[in-house]
Amino acid sequence: PTAHVADLVVFGGTGDLSMRKLLPALFHSDRDGRLAPQTRVIAMSRGGLTDADFRGKVEAEVRPRLHSGDDEGWARFLGRLHHVSVDVGGPDHAGWRALTHLLAGRENIDRVFYLASPPMTFGPFCRGVQEAGLATPRSRVVLEKPLGRDLAGARRINDEVGAIFEERQIFRIDHYLGKETVQNLLVLRFANAFLEPVWNSLWIDHVQITAAESVGTPGRRGYYDQAGALRDMVQNHLLQLLCLVAMEPPSRNDRESIRDEKLKVLQSLRQIAGTEADRFTVRGQYVSGEVDGRAVPGYLDEPDHTAPTVASHRVETFTAIRAEVKNWRWAGVPFYLRTGKRMPHRRSEIVVQFKEVPHSIFPGGGPNRLVLRLGPSEGIHLHIMAKEPGAGEVVPRPVPLSLSFADTFRARVPEAYERLLMDVLSGNPTLFMRRDEVEAAWSWIDPIIATWESGGSPPEPYAAGTPGPAAARELLGRSGRAWYEED
Ligand code: BG6
């Protein structure tokens, strides 16, 4: 379906996110006929570019990565692009006037302000929009993560933006919610009958949620020193995945029902504070090592335009946490979360491990697992026990029943941002985080950070190309469990 006509104003429009994710996603949506003909994309930055400069930049930097041989489609897409220079740091009247001029006469169409810029600019930008009289009732604002560094910071941002836009107009993006497998998790759980009876502590032993990356953080020190793996990945992406696994069946697929259920999960998370942080959390920082046969530097030696500081020594590039959802369905089922940079492979997945059969009549065997692979190659794999053909002893072996989205549906699997941008343009907030969700997530994260910061010890080192510090293994090992590492 084609979204409404809209003006999409991207603040930070020449930045990394815009060039790597937003513009390619918009191009694909345009090519698939999902952008209304009159829809425009207005990039804002301090860059001092003209429309022609900006189009040239997109042609040079974005097009080669899209391998678009479709000249006509590409020309149409470029024609939608505009650029306005603005400096929100000061009273830049010329910049706001230029934007006002560009938007004039289009007050009655949807207007989306996408803030792909650091969070300290969210408040000033929204105030600029309001002072220029550009916040119409049909406006929406999209906030990129990170939404603050802690609960207090998140509340401040939410208050600042909330002073200008109503909650229904605020779309807080978590791109993991746009991934196909994540959407499919909802369909798998709530459009199939066979899972629900076993989706609880009677049948499930534990859940693992992993987002492993082989990349490091070159050039990102300024951001990453202040964030670390817990704020960068767990507070948002991993907790959102946990919510979708753990939530109760919502009564409707509408804008509030799913978010209401996710909120209840976040509110049921058992707080980890004080000495418990030592038992239930692991922090690591990569040192030099080898990834894909290539020697790579440690976090502190990553090339960057700033030198490492005290914060660089203390920041975690890996974390593993044993979480618990304290409610009837999940009592006693650990949810292990794990994410890190410079791990051996890039792999994001949710592993639901079932309990073993109560009484086995065969030698060997093992638990059933449901593996939801978010990437690479998105798909769902249900590992069942099967008999290997042959006349010898009957020994059960785990065999995956596999569903690869790409092979089964023979359609291009869209990038998360495509889906989410189309939802923003058509005004559907279901896959976006509500204020109370974000704040509940921070309420769980804050005490962990407080304990980490008050302790004297730095994160444990792990060699790049290894699956994190040894303590991550022990986090499961001490209860006889192990991270699932096979394909
Ligand atoms: C971003 C984080 O939100 O997600 C990055 O800031 C991380 O550090 C990225 O690399 C991972 O996303 P994906 O879709 O590549 O798994």
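Note that the structure is predicted; figures quoted are calculated from it, not measured. Just so you know, these numbers use all the heavy atoms, side chains as well, and skip hydrogens, waters and symmetry mates. For reference, positions follow the sequence shown, starting with 1. One-based numbering, in listed order, for ligands and for the atoms of each.
Ring orientation note: the planes of Phe165 and Phe113 are tilted relative to one another, at an angle of 30° to 60°.
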| field | Audit row: Phe335, His206, ring pair (Phe, Tyr, Trp, His ring centres under 6.0 Å) steps and yes/no | value | CA-CA 6 Å; Phe335 282 73; His206 72 276; 9.4 Å; no

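A side chain to side chain contact (heavy atoms under 4.5 Å, CB included) with Arg189 holds for exactly one of Leu185, Val187, Asn192; it is Leu185.
Although no hydrogens or angles enter the test, the distance criterion places no donor-acceptor pair under 3.5 Å between the side chain of Glu324 and the main chain of Pro334.
Side-chain contact between Val182 and Leu374 is present, with at least one heavy-atom pair separated by less than 4.5 Å. Looking only at side-chain heavy atoms (C-beta outward), Phe171 and Asp423 stay at 4.5 Å or farther from each other.
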In a simple table, one pair per line, please give the protein and ligand 1 atom names for every N or O pair closer than 3.5 Å, along with the distance.
residue  : atom   : partner : partner atom : Å
ligand 1 : 3 (O)  : Lys145  : NZ           : 2.8
ligand 1 : 3 (O)  : His237  : NE2          : 2.7
ligand 1 : 6 (O)  : Lys145  : NZ           : 2.8
ligand 1 : 6 (O)  : Arg220  : NH2          : 3.2
ligand 1 : 6 (O)  : Asp232  : OD1          : 2.6
ligand 1 : 6 (O)  : Asp232  : OD2          : 3.4
ligand 1 : 8 (O)  : Arg220  : NH1          : 2.8
ligand 1 : 8 (O)  : Asp232  : OD2          : 2.6
ligand 1 : 8 (O)  : Lys341  : NZ           : 2.7
ligand 1 : 10 (O) : Glu213  : OE1          : 3.2
ligand 1 : 10 (O) : Glu213  : OE2          : 2.6
ligand 1 : 10 (O) : Lys341  : NZ           : 3.1
ligand 1 : 12 (O) : His175  : NE2          : 3.2
ligand 1 : 14 (O) : His175  : NE2          : 2.8
ligand 1 : 14 (O) : Lys179  : NZ           : 2.6
ligand 1 : 15 (O) : Arg346  : NH1          : 3.3
ligand 1 : 15 (O) : Arg346  : NH2          : 3.1
ligand 1 : 16 (O) : Tyr176  : OH           : 2.6
ligand 1 : 16 (O) : Lys179  : NZ           : 3.4

